[in-house]
Amino acid sequence: MNYRHEYHAGNFADVHKHIALMAALRHLKKKAKPFAVIDTHAGRGLYALDSDEACRSGEAADGIAKFRNYEPQSPLLREYLDMVRSFGPAKYPGSPLIVAKSLRLQDRCAAIEKHPAEFAALRQTLVPFRQAGAIEGDGYLLLPRQLPPKESRGLVLIDPPYEEPDEFARLGQTVPAAVRKFATGVYLIWYPLKLASRVDALAGELLAAGVTDLLKPTMDVGCEPNAGNRLSAAGLLVINPPYEFDAEMRAASDEILPLLARGPAAHAAVEWVARRT
Ligand code: SAM
C-alpha cells in the first residue's frame with residue numbers, strides 16, 4: 001500500500017467526485033428520516049495544500065486552486081465550494097470530512113481506512129463529529145458487515161486507489177453482493193477513465209446483479225503535451241442516483257469544466273448506462 005492521497009487531494013478528479021458526493025448527500029437530507037454513509041476507502045479526511053506532497057505534485061494547484069474564489073451559478077457547485085472554503089485556504093476536505101460536516105443529528109457515517117498512518121489521522125480528524133466513526137481495516141471486507149444499514153437509507157462511497165492488480169476483481173465480488181444486501185442504497189464508485197473497459201465490465205456485472213438505475217458521470221480535462229502518466233480523466237458509476245442527480249451533476253460539471261480544462265479536448269458527460277422506465 002504505497003498510495004498516499006496527499007499527493008492528489010483537491011485535483012480535478014477529487015473535485016468532480018466530491019461534487020457528486022455533495023449532490024447525493026443533499027438529496028438524502030431532503031427527508032427527515034436518518035441515513036447512513038459508508039465510506040470504504042476514506043483516506044485521512046483533511047489535507048494540507050501547502051504540504052511537500054501537494055506542492056511536489058501540483059495537482060491541487062491544477063484543481064481546486066484554479067476556482068476556489070469563483071462565484072458559481074449552480075446551487076450544487078455553490079454548496080461544494082462553501083464546504084471547501086469552510087476549512088480555510090490552505091486545506092482541502094476529503095470525503096469522510098465532507099460527509100461528517102454534512103450530517104444531521106439523526107445521521108451517521110462509518111469511514112473505513114486500511115493504511116495505519118492514514119487511519120490514525122482520520123480518527124483525529126473525525127473527533128469533533130460524534131456521528132462519524134473511523135474504522136481501521138479493509139473496506140471490501142468490512143462493507144458487508146455494515147449492510148443493510150439499520151436506517152434503511154444511505155450512501156456507499158467506494159474510492160479505491162487502483163494500485164493493486166486485483167482491484168476490479170474485488171469490486172466485482174464486493175459491489176454486486178452489497179447491492180443484493182442493500183438494494184435501495186445509493187452507491188458512488190470512483191475510477192480513472194483509462195480503465196474504461198474494466199469499468200464497462202463492472203457495469204455489466206452490476207446489471208446482472210439486478211441494478212436497474214446506473215449513471216456514469218465523467219470528466220476529462222484534456223491532455224497536455226508531455227503530460228506523461230498524469231491523470232486527466234475520471235468518472236463515477238452511480239447506482240440508484242437520486243431524482244435530478246443527473247441534471248444537477250450535468251449543470252455543475254459543465255460550469256466547472258472550462259475552469260479545469262487543460263486543453264481543447266476537455267469534456268464532461270453524464271450518461272445513463274441503464275434506467276428503469
Ligand atoms: N475517499 C477519499 C476522499 O475522497 O477524500 C480518498 C481515498 S484515496 C483515493 C484511497 C484510500 O484508500 C487511501 O487512503 C488508501 O490508504 C486506502 N486504501 C487502500 N486500500 C484499501 C482497502 N482495501 N480498504 C480500505 N482502505 C484502503
Side-chain angles (χ1 to χ4, degrees), residues 1-25 37-49 51 53-54 57 59-60 63-64 80 83-84 86-87 91-102 109-126 129 132-147 155-175 177-178 186-195 217 219 231 233-238:
M1 284 208 310
N2 297 318
Y3 181 90
R4 301 299 291 267
H5 198 62
E6 283 157 301
Y7 289 93
H8 311 292
N11 69 6
F12 82 90
D14 249 14
V15 168
H16 183 248
K17 168 180 65 190
H18 293 153
I19 291 172
L21 178 62
M22 296 283 304
L25 288 167
V37 179
I38 298 128
D39 188 346
T40 61
H41 295 70
R44 56 174 44 219
L46 186 63
Y47 299 89
L49 297 180
S51 69
E53 291 85 353
S57 75
E59 292 195 26
I64 184 63
Y80 162 76
M83 169 66 75
V84 172
S86 72
F87 295 97
K91 296 276 197 288
Y92 185 80
S95 55
L97 189 54
I98 290 174
V99 172
K101 204 163 172 192
S102 303
C109 166
I112 305 168
E113 171 58 46
K114 190 172 173 188
H115 193 290
E118 296 300 286
F119 169 74
L122 172 66
R123 195 166 53 180
Q124 272 309 113
T125 304
L126 293 183
F129 302 95
I135 303 173
E136 185 171 11
D138 186 316
Y140 294 116
L141 296 179
L142 294 176
L143 177 62
R145 298 188 207 166
Q146 299 284 334
L147 300 180
L155 166 66
V156 177
L157 172 63
I158 304 179
D159 183 18
Y162 294 91
E163 63 174 4
E164 303 292 342
D166 67 346
E167 205 83 70
F168 273 96
R170 299 201 75 191
L171 285 167
Q173 282 158 6
T174 308
V175 189
V186 179
Y187 294 74
L188 302 182
I189 307 159
W190 183 86
Y191 56 86
L193 217 59
K194 62 185 174 197
L195 301 175
M219 179 167 282
L231 184 74
L236 293 157
L237 283 176
V238 185

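For the numbers below, each heavy atom of this structure counts, side chains included, while hydrogens, waters and symmetry mates do not. Start at 1 and go down the list; that is how both ligands and their atoms are numbered. Computed from a predicted structure; not experimentally measured.
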* Heavy atoms of other groups near Arg170 CZ, more than 12 under 6.0 Å -> yes
* Can you name the nearest heavy-atom pair linking Val15 to Gly10, along with the distance? -> CG2-O, 4.0 Å
* **Protein residue, atom and distance nearest to atom 27 (C) of ligand 1, heavy-atom basis** => His41 CD2, 3.4 Å
* Do side-chain atoms of Tyr162 reach the backbone of Leu195 as a donor and acceptor pair under 3.5 angstrom? -> no
* Test of proximity, Tyr140 against ligand 1: N or O pairs below 3.5 Å -> no
* Proximal atoms of ligand 1 relative to Ala42 (non-hydrogen, under 4.0 Å) -> 1 (N), 2 (C)
* **Ligand-residue contact atoms, ligand 1 with His115, heavy atoms, under 4.0 Å** => 16 (O)
* Which of the atoms of ligand 1 are close to Gly94, meaning less than 4.0 Å from one of its heavy atoms? -> 5 (O)
* Distance to 0.1 Å, residue and atom name: give those for the protein heavy atom nearest to atom 1 (N) of ligand 1. => Asp159 OD2, 2.7 Å
* Going by heavy atoms in the side chains, are Pro161 and Glu167 under 4.5 Å from each other? -> yes
* Ile38 and its side chain to side chain contact (heavy atoms under 4.5 Å, CB included) partner, picked from Val99, Leu142, Ile112, Leu155 -> Ile112
* With a cut-off of 4.0 Å, which atoms of ligand 1 are near a heavy atom of Gly137? -> 24 (N), 25 (C)
* Asked: Mind checking whether Glu118 has an N or O less than 3.5 Å away from an N or O of ligand 1?
  -> no
* Heteroatom distance test (Gly139, ligand 1): nitrogen or oxygen, under 3.5 angstrom -> yes
* Does any non-hydrogen side-chain atom of Ile64 lie less than 4.5 Å from one of Asp14? -> no
* **Where Ile135 and Ala110 come nearest, the two heavy atoms and their spacing** => CD1-CB, 4.0 Å
* Asked: Where on Lys17 is there a heavy atom closer than 4.0 Å to ligand 1, on the side chain, on the backbone, on both, or on neither?
  -> side chain
* What atoms in ligand 1 come closer than 4.0 Å to a heavy atom of Gly43? -> 14 (O)
* **Short side-chain to backbone donor-acceptor contact, Glu118 and Gly43, under 3.5 Å** => no
* Structure fact -> protein heavy-atom neighbour closest to atom 23 (N) of ligand 1 works out as Asp138 OD1, 3.4 Å
* For atom 8 (S) of ligand 1, grab the closest protein heavy atom and report residue, atom and distance to one decimal in Å. => Tyr3 CE2, 3.5 Å
* Flag, side chain of Thr40 to backbone of Leu157, donor-acceptor distance under 3.5 Å -> yes
* To do: Have a look at ligand 1 and work out which part of His5, if any, has a heavy atom under 4.0 Å from it: side chain, backbone, both or neither.
  => side chain
* Structure fact -> min-distance protein heavy atom vs atom 26 (N) of ligand 1 -> Lys114 N, 3.3 Å
* Asked: Of all the non-hydrogen atoms in the protein, which one sits nearest to atom 14 (O) of ligand 1, and at what distance?
  -> Glu113 OE1, 2.8 Å
* Ignoring hydrogens and angles, state whether a donor on the side chain of Tyr3 or Glu164 is under 3.5 Å from an acceptor on the partner side chain. => no
* Asked: Do the numbers put Lys101 on top of the ring of Phe87, so that NZ or CZ is under 6.0 Å from the six-membered ring centre and no more than 45° off the axis?
  -> yes
* Look at atom 5 (O) of ligand 1 and find which of Ser95, Pro161, Pro116, Pro160 reaches it with the closest heavy atom. => Ser95
* List every atom of ligand 1 that sits less than 4.0 Å from any heavy atom of His18, numbering the atoms from 1 in the order shown and giving each element. => 3 (C), 4 (O), 5 (O)
